[in-house]
Number of protein chains: 2
Amino acid sequence: MKWSELSDNWCPVARTLSIVGDRWTLLILRDCFLGLSRFEQFIESSGMTRHILAERLKRLVEAGILERRQYSDGPKRYDYVLTDKGQELAPALMTLRDWGKRHMPVRRATAG
Amino acid sequence: MKWSELSDNWCPVARTLSIVGDRWTLLILRDCFLGLSRFEQFIESSGMTRHILAERLKRLVEAGILERRQYSDGPKRYDYVLTDKGQELAPALMTLRDWGKRHMPVRRATAG
DNA sequence: CCCATAAGTTTCGTTTTGGAACTATGGCAA
DNA sequence: TTGCCATAGTTCCAAAACGAAACTTATGGG
């Protein structure tokens, strides 16, 4: 079965995962909840490639989870902010965070 | 950045996602919460390939989320059950389910 | 004119995935 | 004792996704 076919699955968990159930997407949303909104910020914070970030942002906007917003008119620049629909993913992020805190202790530092 | 490097990230959300943040893994866990435990059951319920299922089960066992348990001694057969650590992912599954119910309505039936 | 900033896009080699066939183990029945 | 079934995997190959890095587009400033 193709992953994309999951968006019409009977199970609401599966339908949710058809959007956020991949490597990186939930990390972008985490960054949004931390207050980040710009392309370069997501790149720096998450460590994903520009290539993939661009594709994920497009999907999140199409899904109505993020909104692409022009924030500069000089050189036209855009950033991404959570919609109401996106905001409502907060509980999901929080439960994943809580589980991680309890069950996934850090073994060694991420960087020096 | 490689996905596997995420397991030592400072952020507990990222560390959690280093295990469950891929296509399919959370669906396996959903099935476990629905009472399924056998290889063939996961295959039938989720629609993923045997190949990927085998790999994901191995990772979940290594992570201490599932336990591989012999359930038959005639032909030796094994199934998979949630550990306490795995059980504690229930809130995460429930928040994803609730969000899906609210924001991801079914467009058409999955099958005829 | 040249450099910097910032949001992307393109290219290309590597890794992961999907699909389907195949393997291993043992029960059961003719 | 042979052959078929069930079940948990493994193997193989082509297709899709991904990572890394260079390139593009648009504008402002020295």
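The chains referred to below are lettered A, B, ... by the order of the sequence lines, with proteins before strands, and numbering in each begins at 1.
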Given side chains that start at C-beta, do those of [X] and [Y] come closer than 4.5 Å, heavy atoms only?
X	Y	result
A:Arg38	A:Tyr71	yes
B:Met48	B:Leu27	no
B:Glu88	A:Asp98	no

Considering all heavy atoms, the nearest [X]-[Y] contact:
X	Y	value
A:Met104	B:Ser18	CE-OG, 3.8 Å
B:Phe39	B:Leu57	CD1-CD1, 3.9 Å
A:Lys85	B:Trp99	O-NE1, 3.0 Å

Atom pair CG/CG of B:Asp79 and B:Leu36 - distance to nearest 0.5 Å |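 Rounded to the nearest 0.5 Å, the CG-CG separation comes out at 10.5 Å.
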To the nearest Å, how far apart are [X] [atom1] and [N] [atom2]?
X	N	atom1	atom2	answer
A:Leu53	D:dA17	CG	P	17 Å
A:Glu44	C:dA7	CD	P	12 Å
A:Glu40	C:dT9	CD	C1'	13 Å
B:Gln41	D:dG9	CD	P	13 Å
A:Phe42	C:dA6	CZ	C1'	14 Å
A:Asp79	C:dA6	CG	C1'	12 Å
A:Tyr71	C:dA6	OH	P	7 Å
B:Leu57	D:dG9	CG	C1'	10 Å

Salt bridge (Lys or Arg N to Asp or Glu O under 4.0 Å) partners for A:Glu44, two or more places apart =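 Salt bridge (Lys or Arg N to Asp or Glu O under 4.0 Å) list for A:Glu44, sorted by chain: empty.
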Would you indicate, yes or no, if D:dG9 has its OP1 or OP2 atom less than 4.0 angstrom from a side-chain nitrogen or oxygen of B:Tyr80?
->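 The answer is yes; a side-chain N or O of B:Tyr80 sits under 4.0 Å from OP1 or OP2.
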OP1 or OP2 of C:dT17 sitting under 4.0 Å from any side-chain N/O of B:Arg56?
->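 Yes, B:Arg56 has a side-chain N/O under 4.0 Å of OP1/OP2 on C:dT17.
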Heavy-atom protein contacts under 4.0 Å, nucleotides 18-30 of chain C, coded B base, S sugar-phosphate only, - none | BB-B---BSS---
Where along residues 26-39 of chain A does a heavy atom fall under 4.0 Å from DNA chain C?
->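 Under 4.0 Å from DNA chain C: A:Arg38, A:Phe39.
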Steps toward salt bridge (Lys or Arg N to Asp or Glu O under 4.0 Å) verdict (B:Lys58, B:Glu62) = CA-CA 6 Å; B:Lys58 204 168 287 175; B:Glu62 271 168 24; over 6 Å; no
